[in-house]
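Labels below follow one simple rule: chain letters A, B, ... track the order of the sequence lines, proteins then strands, and each chain is numbered from 1. All values reported here derive from a predicted model rather than from experimental measurement. All values below come from the heavy atoms of this structure, side chains included, with hydrogens, waters and symmetry mates left out.
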Amino acid sequence: MKNVILFTIDTLRKDVLGCYGNKNKLTPFIDSLQERCIKFTNMQATGPYTQASFPGILTSSYYLEYGREKKLSPKKTLVSEVLKKSGITTAGFHSNPYVSDYFGWNRGWDVFYDSMEAEVSQEVPYIKGDEINKKVDEWLSSYIKGGEYKPFFLWLHYMDVHEPYVPERKYVDMVDPSIDLSKEDMFDLFKNTLLKRDPSDKGKVELLKKLYFAHVREVDSYVEEFFNILKKLDLLENSVIVMSSDHGDEFGEHGGLSHDGKMYSELINVPFLIFDYAKDKGEVCDALVSNIDIPPTIVHLFGLEPEKNFKGYSVLPLKDYSERGCFGEAMDKRSAHEKETDRPIYYYQKKELKIIYREGMDSWEVYDLEKDSQELNNIAGISPKADEMKKALKPRVGRWLRGE
Amino acid sequence: MREEKASEGRKEEIQKRIDESKKIVRQAFEKFKPSEAAITWTGGKDSTTNLWIIRQVCLEDNIELPHIITIDEGDAFTEITDFLIRISKKWNIDLMWLCNFDVLRASMSKLGSTVKVKDLNERNQAEIKRIGFEEDSFTFEAESYTGNHLMKTVVLNQFMEENNIKALFMAVRWDEHPARKDDKYFTKKEGGHLTPEHTRVAPILHFTERDIWDNIKLHSLPYCSLYEIGYRSLGVRTTSNPMEVGVPAWQQDLENTIERAGRRQDKEKAMGRLRKLGYM
């Protein structure tokens, strides 16, 4: 039986990866893996920010399932809990406070490192990818020492492309050496433009995007470093690596910055790759899949029975997967600050059609992603399928208040 | 219940730990003048041990004691305050009490009250701005991000600035938290946004929780009475809880339970991180 590694990168947009068509050469290493990957072109996250998306990735459930919870509900099942019960060793390494011990995400892990005790700076308020790699390397090395070991499930998560976007000079140079900003300038850009959600100055937005690109380039080097660790420990051939992101990031596409409560593709449509060394040819899967399918896929890879509490389905084997449409929900916040008065926003996608409902404004949007991939032309009033889409989404609306 | 008398072998081990710490302290005094150094003393078991060791080195080598400081976050246990006063007298220590009085004034010293940013002095307003807090008011709690920053970090930074402090003796230990296990005896902190440049010195890094208690018992060091009723780790009053009520700290299962489990520190840390990431 192979080990399974879930490798997630915070805030990584799908369209910045070379293997998804980006021409800026930001991810040469990830791109080089394609021969041994299944590439999913149509994976939707369950929400546009960590708290709304990670319930999909690690618990195969939706954010507001049991109300607007601050901490992970005990009614939800983490994939780590399922695996640990079956005798698989589970280890998680990350630096995102929203999935930390404090918020209840430490259940089911034999080893859980969330870095909250480490000191971090204003400019880089998380443990960088190379530090995560170091911790993972240490753990893996000691775990496999002696040769005989139980299969393991390893989750690692990088924060490096998350704002405040103060990348190292060498990565800035790789993206655009003409950028002449000190770290203070970058931090000011974060404080005065990004935090204020002010995309009015196009030049500044472009600059922010380039700094974000620099972090993407940086993260690709950490991914490479991690694969080298696996190689060094002889683990590459006997591990399946599931790679994805929790959500994307906005650079003015729909009038905003960062990742607030919106359900458009720049935030929701995320990369999803399954790397298996045994493959000799890259595969592409265009099926519409959701990140709630990640936990069932992991359970399947370990050859275990599906977990009843999971809402998704294994994407493997590919031929047995059937599309069911994708759903997501979050709070409809328009700034970094979530307010008590914020109401939810929902989306449902079926094939090329996507419907979005904002509860607070009682407004519906429908987009035809095939003709309007940027989601700028709302056809809720004219699409003959709008009613059918509304009907599919309506049962979810208001559930968070009823606590069903 | 654990045998309280230490064996000869154990005594030797403890002495080794102390000697190791003294070596670090002497190295620090080679680099920094006592007047440029400060010892942080919370009244907890670790910082009292730390102070006791540094004080011994000073007495043995005839070195003047560095500044000794304690920070009042506005939410202190009276047991700790009493302990600090009592031991300062006993050890003949000129303890400096640091406090952000401006915040206390604006909050009327009431935990949970709302503090308006505009009611604060310039320095505090600037500090709030620097950490990216943009609301008009915040709740006065030692564990809230803004509260913690103003009551602890700002006060410490200001003290270091005013007294030209280059070295801070702190009482962190490798075994108190997994995240500490890579810590070094000397850590240089670059001056930046919020902190003046300085070096942090951690002489008792290698002490385990058991070493601390065995040493306290062996050398009859004073300790705060809260440890007798079950506290294992002391922070501010509102967020510290006993681990096993009624069981003295040194009689608890130190090796197999988490020392800081009685403290709600994770919230403070998680909240601080979230704010730095641009949330909340």
Is it true that A:E206 and A:K210 make a salt bridge, defined as a side-chain N closer than 4.0 Å to a carboxylate O?
no

With sequence neighbours left out, what residues match A:V205 under side-chain contact (heavy atoms from CB on, under 4.5 Å)?
A:P199, A:F251, A:L257

Under 4.5 Å, counting heavy-atom pairs only, tell me which of A:S258, A:P125, A:S121 racks up the most with chain B.
A:P125

Please flag which part of A:S95 lies under 4.5 Å from any non-hydrogen atom of chain B: side chain, backbone, both or neither.
both

Using non-hydrogen atoms and a 4.5 Å limit, figure out which bit of A:K196 sits close to chain B: side chain, backbone, both or neither.
side chain

Taking the six-membered ring for Trp, are B:F159 and B:H67 closer than 6.0 Å centroid to centroid?
yes

Using side-chain hydrogen bond (donor to acceptor under 3.5 Å, both in side chains) as the criterion, list what pairs up with A:H254, not counting sequence neighbours.
A:E266

